[in-house]
Protein chains: 2
Amino acid sequence: MRATRVIYVENDPALRGIMTSLLQDSDEIELILATGLAHEALDPEAIRLADVALIDLALGSGQMNGIDLGLAMRKSNDNIGIVIHSQYALDTVARSVPPAALIGWSTLPKSGDMFIEDVVRVLRETAKGFTSVPSSPSREDRSPLERMTMRQRAVMGMTAAGINPQEIARRLAISHDAVRQDLSAAYRVLVPDVQPEDDLRLRAVFTYLELTRQDDAEDGL
Amino acid sequence: MRATRVIYVENDPALRGIMTSLLQDSDEIELILATGLAHEALDPEAIRLADVALIDLALGSGQMNGIDLGLAMRKSNDNIGIVIHSQYALDTVARSVPPAALIGWSTLPKSGDMFIEDVVRVLRETAKGFTSVPSSPSREDRSPLERMTMRQRAVMGMTAAGINPQEIARRLAISHDAVRQDLSAAYRVLVPDVQPEDDLRLRAVFTYLELTRQDDAEDGL
DNA sequence: CAATCTCCCTCACATATGTGAACGCCGTCC
DNA sequence: GGACGGCGTTCACATATGTGAGGGAGATTG
């Protein structure tokens, strides 16, 4: 089995140095390019040779982000694997990359206790076309609050404060009908399984308060 | 007026037998459960149906006392009346029951010359929410909760639990119209100064929860 | 560009809600 | 006894509420 050829793009020189030497020590990896500059990583020749690119998500000001860089590299090599390396916000990958182009994309958290073996494994599997992007808040499994629009949240918030729909309409400068539509939509999200004995508005307010209270608690962490 | 539904808990089989037959003879009383065992009296279904419980204070060794049993029954039915029956130490009721939970509690001395009519009267009044323990608040300065009928509290309690009026009507076996009247009356007490921007039902529920939560806090004192 | 999506808006309609009015039923108080 | 007050019940009626249907603007995809 030949070594997996890797392009490595990392903004931070210290981290780049460490990872570079670790990758060079591995005989499953052939590091063909390591750089901190996006435009250096866009060398078509290198990209065509590479099996996979390990790219920092935040490449610093004045440079494109790692996702855009990965997409750009795909133009020179349809089948290059892209591993996005970041400390946080790895779910932006799932949101930013068109689903059809997502084959062969992975994310790799920058954690303090990472092992080079794991990095190597992710690189090799992504090079083979495996996709492991964290199931991001897409569609079904977003939290109820995330599944509501800004204005639906505003309307629910005011309702939960005991303000009636007409006053909400006045304060938000929208029609009474619009408020009721927002409420209705919010109910669907907050009370997905309405029981015949439920007081819909109260149930919705209770779940809403529960959810926002939980958020407050998380703010403190 | 329909018969007052009673749960009777008395340790002493002899007394229980006599009282049971006396209560059964009264057509103002419907005895739905008579037992000497606290755990039998904790049947949630019976408690929910009952208007009032007549409970011996000293239920014998190995059982909780009548006050604790009464408090426990309140967990299945917030608004059940509790009449504590005892030969002595009736003032422990006032000391043991949190003041705000004391609505609808009465004491009944076990005297040799008691008339069944008196028992019936105490049961019926306690069922209606009347409180007759040593320190009963005067009519003038009653808390909002005390200014509500027992049934209004029941209706508000269920509303605050997110149950809609038709289901409340079904569970309390009263008409939908009656529920709405009770709600309306409760709103007047709980939200004395309605602002034009208020959502009346939500405001009332919030004050109600506030008031009953205060009761919970006093439990810890 | 056309096809979708998403959000927002309006309209219509079936119910639900809040409340005044009026009556019946007890108890209480002269 | 009669007047009275509180509670429960029912009725009527003006609004409020919840939701389906459908249309429009703007962004995204193919």
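Numbers restart at 1 for each chain; the letters A, B, ... are given by sequence-line order, proteins then strands.
Put simply, CG on B:Asp198 is 19 Å from P on D:dT15, counting in whole angstrom units. Regarding B:Arg203, its CZ atom lies at a distance of 17 Å from the C1' atom of C:dG18, rounded to whole Å. Straight-line distance from the CG atom of A:Asn164 to the C1' atom of C:dT17: 13 Å, rounded to whole Å. Atom-to-atom, CG of A:Leu71 to C1' of D:dT29 comes out at 15 Å; the value is rounded to the nearest Å. Atom P of nucleotide C:dC7 and atom CE of A:Met150 are separated by 11 Å, given to the nearest angstrom. If you measure from atom CG of A:Leu202 to atom P of C:dA16, you get 16 Å, rounded to the nearest angstrom. As rounded to whole Å, 14 Å separates atom C1' of D:dT19 from atom CZ of A:Arg201. Taking atom CD1 of B:Ile168 as the reference point, atom C1' of C:dA16 lies 13 Å away to the nearest angstrom.
Between A:Arg203 and B:Ala161 the shortest heavy-atom distance is NH1-O, 3.1 Å. Scanning both residues, B:Ala204 and B:Leu190, for their nearest heavy atoms gives O-CD1, 3.7 Å.
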Filtered N/O pairs between nucleotides 9-12 of chain C and protein, under 3.5 Å:
unit_1 : atom_1 : unit_2   : atom_2 : d
C:dC9  : OP1    : A:Arg151 : NH1    : 3.3
C:dC9  : OP2    : A:Arg151 : NH1    : 2.1
C:dC9  : OP2    : A:Arg151 : NH2    : 2.5
C:dT10 : OP2    : A:Ser175 : OG     : 2.5

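Checking the phosphate oxygens (OP1, OP2) of C:dT17, no side-chain nitrogen or oxygen of B:Ser184 falls inside 4.0 Å. For A:Tyr187 and D:dT19, the shortest distance from a side-chain N or O to OP1 or OP2 is not below 4.0 Å.
Using a cutoff of 4.0 Å between basic side-chain nitrogens and carboxylate oxygens, B:Asp51 and B:Arg124 are not scored as salt-bridged.
Formation of a donor-acceptor pair under 3.5 Å by the A:Glu210 side chain with backbone atoms of A:Thr207 is not found in this model.
Residue order along DNA chain D, read from the 5' end via each residue's closest nucleotide, puts B:Gln152 first among B:Gln152 and A:Leu183. Along DNA chain C, the nucleotide closest to B:Glu125 and the one closest to B:Leu200 are compared, and the more 5′ of them pairs with B:Leu200.
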Take A:Arg170 and A:Glu167, measure what salt bridge (Lys or Arg N to Asp or Glu O under 4.0 Å) needs, and give me the verdict at the end.
-> CA-CA 5 Å; A:Arg170 203 187 60 73; A:Glu167 175 69 9; 3.0 Å; yes
May I have the step-by-step check of side-chain contact (heavy atoms from CB on, under 4.5 Å) for B:Arg153 and B:Asp78, ending in yes or no?
-> CA-CA 8 Å; B:Arg153 283 194 295 273; B:Asp78 273 352; over 6 Å; no
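Within the nucleic acid shown, B:Arg188 comes within 4.0 Å of sugar-phosphate atoms alone, with no base atom in reach, counting heavy atoms only.
Here the CG atom belonging to B:Leu69 is positioned 10.0 Å from the CG atom belonging to B:Asp56, to the nearest 0.5 angstrom.
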